[in-house]
Amino acid sequence: MYDRAKIYVEGGRGGDGCVSFRREAHVPRGGPDGGDGGRGGDVVLVCDPSKRDLASLHRARHFRAGRGGHGRGKQQHGARGGDETVLVPPGTQVDGLELRRYDLVEPGQRAVIATGGLGGHGNKRFAGSTRQAPRFAERGLEGESGWIGLRLKLLADAGLVGQPNAGKSSLLRRMTRAAPKVAAYPFTTVEPVLGTLEFDDRQLVLADIPGLIEGAAQGAGLGTEFLAHVERCGLLIHLVEIAGDDPIGAHEAVREELRSYGAGLELRPELLVLSKRDLVPGERADELVAEWRDRLGGTALDVLAVSSVDGTGIEQLRRAILAGVPEGEAVSAAPAAEPEFEAEHIVYRPEGDQGFDVERVEDGTFEVRGRGIELLAARHDLENPEALAYLEQRLGEIGVLAALRSAGFVPGDEVRIGELAFELLPDQPSARMLRRPR
Ligand SMILES: Nc1nc2c(ncn2[C@@H]2O[C@H](COP(=O)(O)OP(=O)(O)OP(=O)(O)O)[C@@H](O)[C@H]2O)c(=O)[nH]1
Ligand SMILES: [Mg+2]
């Protein structure tokens, strides 16, 4: 089962703005009319219930959205780049770029995980009373890009947990159409299996989780890897063999693993199921149920004894599960085709575009840092003297020049912004590019 994947996503680059001047039969030198570049496309995750796991993301791992079109003359703007869509199954959690997190749970839910770059403005936008014929335009910006991690956590209303051989898979087979393998040796089930419990007006999804043994949290047996799938189950169905060697110890060991997993799994409502009821006489089974109720006090929702072989207690268990999963919270209650909407995301480190820092890195060399400033610089072709003059003007307006001066800058010193480095000679059109962007 592919429940993890790592993919590379890249928003499309924005199209470049255009340098162009109007040409008309009777107008010798027309005004600027270069159009803007189009925005690059986004990489978008879409929650698709027909996907079962993340296997397809192991075959194709690179996703790039389309480039924005370049602007053209006559004020024609470039087209927006095409989006790239990645389909993921419900239950996918994403560790995205810039520490953004997404949870795709409901069919149709979308998350933009890599936004396309902005298109550059055409020269028309830079025309003003002091600059009537700008011979420069902005370049389009790169889209966001990077590797992101995806993890599938199955969505089930209730999870079957217990030690190996407790009878979990047999119970799932008995209660649903799912057909997990059943055998008389531990760890028959090596990956979670889902089944659907059908009621008159409701369906509930049941997950068979591979057996847990003592030390699972430290990696013993199959480890607690699969407990991640239980994280979203509203109800735990804990199976203990009624005629096992040490039923109390078995119950405690699994409870301990749930606790050490660390996501609060031990706090989930639990139904205690004494399995393989047919292995003890009927009256003995009833006595044991009473004993377990006493022992657990109010900590379990209920205690039941069932047999997957002859079906005793199965109907009571169905009703207990139905009562244990609150109405409206069922996983399968989500309508199959919801209108598309944005997945919520949490930003752990919001990145402001405002503000900048100036630092003197060595004699005669200064570095200006700040996302807004870096974007501004990246948008201009600084080998074009007019574009460089425009950038200098903006640096003056924003207050960067003043900050540079108070840090000891003198005209002619080297200034670094992002990947650019240039000699800055304010108010003189002779500034020189030292290094081009990599
Ligand atoms: N007599 C009897 N045997 C059962 C019952 N349920 C399961 N078994 C037997 O117990 C053994 C283990 O059953 P499984 O359903 O594979 O147990 P499991 O909990 O899924 O085991 P793992 O997948 O290894 O963790 C098999 O030999 C089953 O036939 C039952 O209700 N009565
Ligand atoms: Mg099993």
Side-chain angles (χ1 to χ4, degrees), residues 1 3 53 154 156 158-197 205-230 233 235-258 261 265 270-289 292 300 302-321:
M1 180 177 171
D3 56 3
D53 60 20
L154 291 178
L160 293 164
V161 296
Q163 291 203 315
N165 238 33
K168 302 176 294 295
S169 301
S170 304
L171 189 59
L172 191 74
R173 285 186 86 111
R174 179 85 204 198
M175 300 183 81
T176 73
R177 286 167 190 269
K181 192 174 163 197
V182 166
Y185 53 86
F187 303 118
T188 308
T189 306
V190 292
E191 56 187 42
V193 179
L194 295 180
T196 308
L197 277 179
V205 178
L206 217 58
D208 175 14
I209 307 296
L212 290 170
I213 55 168
E214 211 176 323
Q218 284 75 47
L222 295 168
T224 48
E225 172 71 3
F226 299 108
L227 281 181
H229 296 297
V230 188
C233 294
L235 177 69
L236 296 182
I237 303 168
H238 190 157
L239 269 71
V240 172
E241 284 183 76
I242 198 164
D245 291 340
D246 176 15
I248 298 172
H251 180 254
E252 261 316 303
V254 169
R255 295 288 307 165
E256 183 49 38
E257 294 314 314
L258 293 172
Y261 178 75
L265 297 185
E270 177 184 276
L271 274 175
L272 182 74
V273 171
L274 300 174
S275 63
K276 311 188 188 179
R277 167 183 186 135
D278 54 285
L279 297 181
V280 300
E283 314 81 70
R284 179 70 190 132
D286 294 336
E287 274 170 34
L288 286 165
V289 167
W292 274 91
D302 201 0
V303 179
L304 299 124
V306 308
S307 168
S308 300
V309 169
D310 62 23
T312 318
I314 296 291
E315 191 46 43
Q316 288 96 306
L317 178 58
R318 272 171 57 88
R319 275 187 265 121
I321 294 171

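Every number for a ligand or one of its atoms is a count from 1 in the order of the listing. Residues: numbered from 1 along the sequence shown. In this text the structure is predicted, and so the values were computed from the model without any measurement.
By the 4.5 Å heavy-atom criterion applied to side chains, Met175 and Ile321 are counted as neighbours. Looking at heavy atoms from C-beta onward, Leu239 lies out of side-chain contact with Val306 at the 4.5 angstrom threshold.
In terms of protein heavy-atom proximity, atom 25 (O) of ligand 1 is nearest to Lys168 NZ, 3.0 Å. For atom 29 (O) of ligand 1, the closest non-hydrogen atom of the protein is Val182 CG1, 3.8 Å. Counting protein heavy atoms only, atom 13 (O) of ligand 1 is closest to Ser170 OG, 3.5 Å. For atom 21 (O) of ligand 1, the closest non-hydrogen atom on the protein side is Asn165 N, 3.0 Å. Scanning all protein heavy atoms for the shortest distance to atom 20 (O) of ligand 1 gives Ser169 OG, 2.8 Å. Taking atom 2 (C) of ligand 1 as the reference point, the nearest protein heavy-atom neighbour is Val309 CG2, 3.4 Å.
Ser170 lies apart from the Mg ion (ligand 2) in this respect, since none of its N, O or S atoms is found at a distance under 2.8 Å.
A donor-acceptor pair is defined here as one N or O able to donate and one able to accept, closer than 3.5 Å; no such pair exists between the side chain of Lys168 and the backbone of Ala207. Side-chain atoms of Ser169 never come within 3.5 Å of backbone atoms of Pro180 as a donor-acceptor pair (strictly under, hydrogens ignored).
Atom 9 (C) of ligand 1 has its nearest heavy-atom neighbour, among Arg277, Arg174, Lys276, in Lys276. Comparing heavy-atom distances from atom 12 (C) of ligand 1 across Ala183, Ser308, Gly211, Pro180 singles out Ala183 as nearest.
Distance check, rounded to the nearest 0.5 Å: CD of Gln316 to CG of Leu271 gives 12.5 Å. For the atom pair CD1 (Ile314) and OG (Ser308), the distance works out to 5.0 Å, reported to the nearest 0.5 Å. Note that CG of Leu171 is 11.5 Å distant from NZ of Lys276, once rounded to the nearest 0.5 Å. In this structure, Ile209 CD1 and Leu172 CG are separated by 10.0 Å, a value rounded to the nearest 0.5 Å. In this structure, the separation between CD on Glu241 and CD on Gln163 is 8.5 Å, given to the nearest 0.5 Å. Taking CG of Leu272 as the start and NE2 of His251 as the end, the distance is 5.0 Å to the nearest 0.5 Å.
Not one N or O of Lys181 is nearer than 3.5 Å to an N or O of ligand 1, by distance alone. The shortest N/O to N/O separation between Ala166 and ligand 1 falls below 3.5 Å.
Contact atoms of ligand 1 toward Leu279: 1 (N) (distance under 4.0 Å to a heavy atom of the residue). Near Ser307, meaning under 4.0 Å from one of its heavy atoms, ligand 1 places the atoms 31 (O). Near Tyr185, the atoms of ligand 1 lying under 4.0 angstrom from a non-hydrogen atom of the residue are 24 (O). Each of the following atoms of ligand 1 lies closer than 4.0 Å to a heavy atom of Gly167: 7 (C), 13 (O), 14 (P), 15 (O), 17 (O), 18 (P), 19 (O).
Ser275 does not count as a contact of ligand 1, since none of its heavy atoms falls under 4.0 Å from the ligand. Ligand 1 lies nowhere less than 4.0 angstrom from a heavy atom belonging to Gly162.
Remark: Arg277 engages Asp286 in a salt bridge, criterion side-chain N to carboxylate O under 4.0 Å. Taking the charged nitrogens against the carboxylate oxygens, Arg284 and Glu287 do have a contact shorter than 4.0 Å, which makes a salt bridge.
With a 4.0 Å cut-off on non-hydrogen atoms, Asp208 does not touch ligand 1 at all. Residue contacts with ligand 1, taken as heavy atom pairs separated by less than 4.0 Å, involve Asp278 solely via side-chain atoms from C-beta onward.
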